[in-house]
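Reckoned from all heavy atoms, side chains included, excluding hydrogens, waters and symmetry mates. Order of appearance sets the numbers: ligands from 1, and atoms from 1 within every ligand.
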Amino acid sequence: MVKAKRFVVQKHFQGEPKTTDLKLVQEDIPPLHNGEYLVEAEYLSVDPYMRPYVQRYPEGITMIGSQVAKIIESRNPEYPVGKRIVGYLGWRTHTVVNPQISSSSDDTFAFEKPYILPDIGDLSPSLFLGVLGMPGNTAYFGFLEICQPKQGETLVISGAAGAVGSHVGQIAKNVCGLTVIGIAGSDEKCKWLVDELGFDHAINYKKGDIATSLRVAAPKGVDCYFDNVGGDISSVVLYQMKPFGRVSVCGSISSYNADASSLPKTAIIQPTMVFNQLKMEGFIVHRWMSRMSEGVEKNLQWIKEGKLRYRETVTNGFENMFDAFVGMLNGKNIGKAIVKV
Ligand code: NDP
């Protein structure tokens with residue numbers, strides 16, 4: 001009988017997640033029923049959304065998240081042994097999936113049903129958690145649909161060296177012909193953005209004054225802002241926008257460890273919104289659910305054409321999920337943070 005491990009949410013997070021908030025449990029996987037299949041996780045994703053999103057669910061659930069997994073047993077001919085799937089199965093090593101019922105055996109969390117991975121040749125299947133997965137589609141739709149970029153414009157991205165930010169910058173630079181400025185949390189990240197990904201400028205927000213650095217990098221102002229972090233960084237950028245600038249609000253990671261009652265305070269943004277006639281729109285990537293394959297195909301095409309590069313920060317070992325998660329929240333990752341089982 002297969003021994004499975006999973007992380008259970010013992011206690012809702014308060015402030016920065018603590019190891020004691022999650023509990024690693026081991027259990028037997030029951031025999032499969034007709035129509036079910038059993039997968040074994042190979043790569044698991046750790047993403048910022050997990051921190052605020054899991055609070056919506058009761059304590060006791062399996063920690064939420066997506067994974068790439070291999071089918072190791074099947075009583076469903078459409079899901080043969082040996083194929084890989086990607087799905088929101090939670091932080092578990094093994095999952096019984098019944099495609100007729102839900103994404104997994106007990107989770108409440110499912111944006112989309114698991115699906116069999118298409119063939120991507122020599123590329124790693126882990127890319128379906130990053131550049132060819134949800135973060136890649138977030139970059140593709142969240143930037144192109146909301147910023148409506150035009151050649152020659154200037155884009156600022158916060159959280160620029162992460163999975164979504166690094167991807168947006170390359171679409172903007174290599175596909176749309178924009179001037180791209182990234183804001184990130186270390187010199188190493190900034191160097192990677194400029195030297196390897198071709199960003200025009202990168203600003204380390206932990207050093208010096210962002211407003212001054214941005215005025216130097218974008219002396220004529222900013223047309224588009226792709227915001228992953230919110231807070232003070234964003235207020236600074238918004239005050240350097242040009243008239244009719246567009247702001248795509250993708251995330252606000254600077255506040256994810258705060259409770260709704262203790263959100264950090266930051267400068268008021270309405271004056272620049274009004275006087276620069278800015279358009280600001282938040283989104284959740286699943287808005288474009290019906291067009292997901294378009295995003296995946298485009299991103300794959302750009303990888304093959306050399307227009308889109310990616311990087312993964314890999315933590316080894318399922319037991320280290322928590323460390324990978326908190327490390328990502330604290331900026332230890334460059335590119336997509338994943339865990340290899
Ligand atoms: P990243 O790979 O960017 O990892 C998170 C990064 O956030 C860290 O590496 C860290 O980099 C940065 N960060 C952490 N705390 C702060 C802070 N206080 N201020 C500034 N930066 C901080 O994650 P993703 O690319 O997966 O996600 C990026 C954003 O996109 C998140 O806000 C996420 O919630 C959002 N998102 C939204 C989606 C949607 O549908 N709207 C879908 C997917 C993601 P650094 O060293 O630079 O600080």
Side-chain angles (χ1 to χ4, degrees), residues 15-17 44-55 64-66 88 111-112 129-143 145-147 156-171 181-193 197 199 202-207 210 225-237 247-258 263-264 266 280-289 291-292 295 310-315 324-339:
E16 182 166 310
L44 295 104
S45 189
V46 285
D47 300 89
Y49 77 83
M50 295 169 174
R51 168 62 185 85
Y53 222 93
V54 72
Q55 311 292 82
I64 60 175
S66 58
Y88 287 90
F111 281 129
E112 58 186 339
L129 300 176
V131 72
L132 297 178
M134 183 276 282
N137 274 328
T138 302
Y140 177 81
F141 292 108
F143 172 56
E145 295 289 329
I146 294 186
C147 286
V156 172
I157 306 162
S158 57
V164 176
S166 60
H167 192 141
V168 168
Q170 294 180 83
I171 297 177
I181 302 164
I183 303 177
S186 73
D187 287 344
E188 185 194 1
K189 291 184 180 189
C190 289
K191 191 169 160 36
W192 178 63
L193 293 175
L197 301 190
F199 280 41
I203 297 170
N204 179 349
Y205 72 88
K206 292 183 179 164
K207 262 189 178 174
I210 310 171
Y225 176 39
F226 191 92
D227 188 6
N228 283 313
V229 310
D232 288 337
I233 293 174
S234 297
S235 300
V236 166
V237 178
V247 182
S248 177
V249 184
C250 174
S252 68
I253 196 166
S254 67
S255 69
Y256 286 177
N257 278 335
L263 286 174
T266 187
M280 179 189 258
E281 184 173 346
F283 72 91
I284 292 174
V285 62
H286 296 92
R287 187 196 296 192
W288 297 283
M289 183 68 97
R291 292 172 59 194
M292 287 295 166
Y310 54 85
R311 185 157 160 180
E312 294 175 327
T313 297
V314 182
T315 302
F325 177 51
V326 173
M328 177 277 302
L329 290 175
N330 287 326
K332 292 220 172 99
N333 61 308
I334 299 186
K336 178 72 188 102
I338 56 167
V339 173

* Regarding Tyr310 and Ser166, is there a side-chain donor-to-acceptor distance under 3.5 Å anywhere? -> no

* Close side-chain approach of Val164 and Cys250, heavy atoms under 4.5 Å -> yes

* To do: Start with the C-alpha gap between Ile146 and Arg287, add the side-chain angles, then the distance that decides, and say whether side-chain contact (heavy atoms from CB on, under 4.5 Å) holds.
  => CA-CA 12 Å; Ile146 294 186; Arg287 187 196 296 192; 4.2 Å; yes

* Output all residues satisfying side-chain contact (heavy atoms from CB on, under 4.5 Å) with Arg291, sequence neighbours left out; order by chain, then residue number. => Phe141, Glu145, Trp288, Glu294

* Asked: Can you name the residues that form a side-chain contact (heavy atoms from CB on, under 4.5 Å) with Val54, not counting sequence neighbours?
  -> Val9, Phe13, Ile61, Met63, Ile64

* To do: Tell me, please, which residues at least two apart from Asn333 pass side-chain contact (heavy atoms from CB on, under 4.5 Å).
  => Thr313, Met328, Ala337

* To do: List, ordered by chain and residue number, the protein residues whose closest non-hydrogen atom lies under 4.0 Å from any atom of ligand 1.
  => Pro48, Met134, Thr138, Gly162, Ala163, Val164, Ala184, Gly185, Lys189, Tyr205, Asn228, Val229, Ile233, Cys250, Gly251, Ser252, Ile253, Ser254, Tyr256, Phe283, Ile284, Val285, Met328, Leu329, Gly331, Asn333, Gly335

